[in-house]
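Count residues from 1 along the sequence. Computed from a predicted model, the values in this text were never measured in an experiment.
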Amino acid sequence: MRRLPPGRLKALLSGFKKFMLRGNVIDLAVAVILGAAFGAVVNSLVKDIIMPLVTAIFGKQDYSALIWTLNRSQIRYGDLVTNLINFLCIGATVYFLVVAPVNHLTERRRKARGEVVQEEPEETEKVLLAEIRDILAQQRSGS
């Protein structure tokens with residue numbers, strides 16, 4: 001194995017240090033750690049609260065054993081059911097506990113500052129389509 005010259009090694013280590021101490025990398029690391037912790041909380045919510053409720057309704061505790069047989073082939077869909085419920089719970093939790101409150105606070109802050117709240121994209125699209133229609137009508141009548 002070939003050795004790097006001392007100056008090159010020092011430059012590489014310095015560049016790595018700058019990269020690691022950059023705010024984005026640290027923010028990303030914190031987000032990953034918080035995401036893992038949040039995932040554990042949501043998994044516990046699903047395992048300890050949601051799935052027992054589903055079990056009370058459907059009467060089955062272990063869904064991993066659910067199998068559908070088709071032409072002597074076994075299609076195991078039990079884990080899919082569990083993971084789908086988990087996914088929906090994570091999505092709902094993230095939306096209702098993070099996304100919706102942040103959107104609400106952002107909108108309140110904009111209104112408090114007197115900023116004009118942007119039109120809905122659908123309305124903007126309608127306006128643009130109307131302008132295109134008018135331009136095409138002018139071109140047809142002018143030619």
Would the distance check show the side chain of Ser44 and the main-chain N or O of Ala40 forming a donor-acceptor pair, the cut-off being under 3.5 Å?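 No: the side chain of Ser44 does not pair with the backbone of Ala40.
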For Ser14 and Lys10, indicate whether the former's side chain and the latter's backbone hold a donor-acceptor pair under 3.5 Å.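 The answer is no, because no donor-acceptor pair under 3.5 Å joins these two groups.
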Verify same cluster id: [X], [Y] (apolar side-chain graph, 4.5 Å):
X: Leu70; Y: Val81; result: yes
X: Leu45; Y: Val99; result: yes
X: Phe38; Y: Tyr95; result: yes
X: Leu136; Y: Leu129; result: no
X: Leu53; Y: Leu84; result: no

Roughly how far apart are [X] [atom1] and [Y] [atom2], rounded to 0.5 Å?
X: Arg8; Y: Leu13; atom1: CZ; atom2: CG; value: 10.5 Å
X: Asn83; Y: Leu88; atom1: CG; atom2: CG; value: 11.0 Å
X: Lys111; Y: Arg108; atom1: NZ; atom2: CZ; value: 10.0 Å

Does the side chain of Arg76 come under 3.5 Å of the side chain of Gln74 through a donor N or O and an acceptor N or O? yes
